[in-house]
Amino acid sequence: MSAPKLWAVLPAAGSGRRFSTTELKQYQMISGKTVLEHSVTALYQLPLAGCVIAISPQDTFAQQIDFQHPIEFCLGGQERVDSVLAGLYHLKHLAQADDYVLVHDAARPCLHRAQIEQILAFCQSNEAAAILAVPVRDTLKKANAEYLIDKTISREQLWQAQTPQIVKYALLMQALETAIVQKSLVTDEASALELLDIPVKLLLGRTDNLKITYPEDLALADFILTAFHLGNTALSNKQ
């Protein structure tokens, strides 16, 4: 039996209102490239069989980018679940049921080599699903409607989800279709898998796997990517 292939889907049809009401965060520039280009390049550290980006019908910019990697496009939807499902439908005649799909945020450009190695190891395990995540380390407060502290939430056993989220193709399709039929609120792929009681493994991520959410995140992402580049250069020189 052949080893499962790896496919990537990036939902990039959202408006990103927390970043700006007029500008899309995935097309902001860092070191001469868009955030989306950096996110795609990070994924292509993996031996991908293909990569699909789900964009909005109004997006006239994405297909003009020279990604320097094989990229296909499909039309996304209003919500993340719609865009990811559109990406899966686009792969319907290419991906096998047991292939892995890596769903990655279009605005998460700082994927470290150590995480790539974890993902590769997981994909050799034949397990159903996993996500990168980090334990919550800050004290959490629940507020009331007046922005006053209601209570402190225990952070024990709490994890902050990241991407890529890695799922067998057929299972992810089933989970997302179920979520839409049930009109369930799912904010990531793992929450859709929970509806079907599919176990999802936590792979220890890194805090520098930053998702661009606010304008000030761009400078931090630039710093992280520069540090990655310097670290890789130093490693190459040693070898």
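No hydrogens, no waters, no symmetry mates; every other heavy atom, side chains included, goes into these values.
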Open item on the list: More than 12 heavy atoms of other residues, nucleotides or ligands under 6.0 Å from CD of Gln160: yes or no?
Closed with: no

- [ ] May I ask you to decide if Thr60's main-chain N or O and Gln63's side chain share a donor-acceptor pair within less than 3.5 Å?
- [x] no

TODO: Report yes or no: do Val101 and Leu171 belong to one cluster of Ile/Leu/Val/Met/Phe/Trp/Tyr joined by side chain heavy-atom distances under 4.5 Å?
DONE: yes

TODO: For Gln118 and Leu204, indicate whether the former's side chain and the latter's backbone hold a donor-acceptor pair under 3.5 Å.
DONE: yes

TODO: Check the surroundings of atom CD in Glu117: do more than 12 heavy atoms from other residues, nucleotides or ligands lie under 6.0 Å from it?
DONE: yes

Open item on the list: Any side-chain to backbone donor/acceptor pair from Gln45 onto Leu111? Under 3.5 Å, distance only.
Closed with: yes

Open item on the list: Check whether Asp59 reaches the backbone of Ser56 with its side chain - one donor and one acceptor, N or O, closer than 3.5 Å.
Closed with: no

Open item on the list: Would you compute the distance between atom CD of Gln165 and atom NE2 of His104 and round it to the nearest 0.5 angstrom?
Closed with: 11.0 Å

Task: Spacing of CD belonging to Glu127 relative to OH belonging to Tyr100, to within rounding of 0.5 Å - done: 7.0 Å

TODO: Check Leu132 against Gly205 and note the closest heavy-atom contact, atom names and distance.
DONE: CD2-CA, 4.5 Å

Task: Leu210 with Val136, same ILVMFWY side-chain cluster at under 4.5 Å - done: no

Open item on the list: Using side-chain heavy atoms (C-beta onward) and a distance below 4.5 Å, is Leu120 in contact with Pro47?
Closed with: yes

Task: Distance-minimising heavy-atom pair for Gln115 and Cys110 - done: OE1-O, 4.2 Å

Open item on the list: To the closest 0.5 Å, what do you measure between CE (Met173) and NZ (Lys168)?
Closed with: 15.5 Å

- [ ] Check Gly77 against Ala13 and note the closest heavy-atom contact, atom names and distance.
- [x] O-CB, 3.8 Å

Task: Contacts of Thr34 that satisfy side chain to side chain donor-acceptor pair (under 3.5 Å) - sequence neighbours left out - done: Glu37

- [ ] For Lys25 and Thr213, work out which heavy atoms get closest and say how close.
- [x] NZ-CA, 4.3 Å

- [ ] Identify the heavy atoms of Phe122 and Leu203 that sit nearest to each other, and give their distance.
- [x] CB-CD1, 4.2 Å

TODO: Compare all side-chain heavy atoms of Leu218 with those of Val35 and state whether any distance is below 4.5 angstrom.
DONE: yes

Open item on the list: Before you tell me yes or no, could you show the steps for Asp82 and Ile180 under side-chain contact (heavy atoms from CB on, under 4.5 Å), namely the whole-Å CA-CA distance, both residues' side-chain angles and the distance that decides it to 0.1 Å?
Closed with: CA-CA 8 Å; Asp82 302 313; Ile180 288 177; 3.8 Å; yes

Open item on the list: If only side-chain N and O atoms count, and only distance matters, is there a donor-acceptor pair under 3.5 Å linking Ser39 with Asp105?
Closed with: no

- [ ] Hey, can you tell me if Tyr44 and His69 have their rings parallel, tilted or perpendicular (30° and 60° cut-offs)?
- [x] parallel

Open item on the list: Between Asp150 and Lys142 (salt bridge meaning N to carboxylate O under 4.0 Å), is one present in this structure?
Closed with: yes

Open item on the list: Do Asp99 and Leu6 make a side-chain contact, defined as non-hydrogen atoms from C-beta onward lying under 4.5 Å apart?
Closed with: no

Open item on the list: Could you see if Leu94 belongs to whatever hydrophobic cluster contains Leu102? Use Ile, Leu, Val, Met, Phe, Trp, Tyr and a side-chain cutoff under 4.5 Å.
Closed with: no

Open item on the list: So if I apply the side chain to side chain contact (heavy atoms under 4.5 Å, CB included) rule between Pro164 and each of Ile119, Ile131, Val9, which one comes out positive?
Closed with: Ile119

Open item on the list: To the closest 0.5 Å, what do you measure between CD1 (Ile65) and CD1 (Ile53)?
Closed with: 7.5 Å

Open item on the list: Donor-acceptor pair, distance only, cut-off 3.5 Å: does the side chain of Arg108 make one with the backbone of Asn209?
Closed with: yes

TODO: Starting at CD1 of Ile55, measure out to CG of Leu10 and round the result to the nearest 0.5 Å.
DONE: 12.0 Å

Open item on the list: Restricting to side chain to side chain donor-acceptor pair (under 3.5 Å), what partner residues turn up for Asp208, sequence neighbours left out?
Closed with: Arg206

Open item on the list: Grouping I, L, V, M, F, W and Y whenever their side-chain heavy atoms are under 4.5 Å apart, do Ile71 and Tyr89 come out in a common cluster?
Closed with: no

Task: Side-chain donor/acceptor of Glu189 to backbone N/O of Leu172, under 3.5 Å - done: no

- [ ] For Leu148, look at atom CG and say whether over 12 heavy atoms of other residues, nucleotides or ligands are found less than 6.0 Å away.
- [x] yes

- [ ] Would you check if Val103 and Val167 make a side-chain contact, meaning some heavy-atom pair closer than 4.5 Å?
- [x] no

Task: Shared hydrophobic cluster, Val200 / Val84 (ILVMFWY, side-chain heavy atoms < 4.5 Å) - done: yes

Open item on the list: With rounding to the nearest 0.5 angstrom, report the CD1 to CG distance, Ile212 to Leu36.
Closed with: 12.0 Å

Task: Closest approach of His112 to Phe228 (non-hydrogen atoms, all atoms of both residues) - done: CD2-CE2, 3.4 Å

Task: Test item: Gln26 side-chain N/O and Ala12 main-chain N/O as donor-acceptor pair under 3.5 Å - done: yes

Task: Any side-chain heavy-atom pair of Glu177 and Leu85 under 4.5 Å - done: yes

Open item on the list: I'd like to check Lys33 versus Phe67 (side-chain heavy atoms, cut-off strictly below 4.5 Å). Are they in contact?
Closed with: no

Open item on the list: Using a 6.0 Å cut-off, check whether atom CD of Gln64 has over 12 heavy atoms from anything other than its own residue.
Closed with: yes

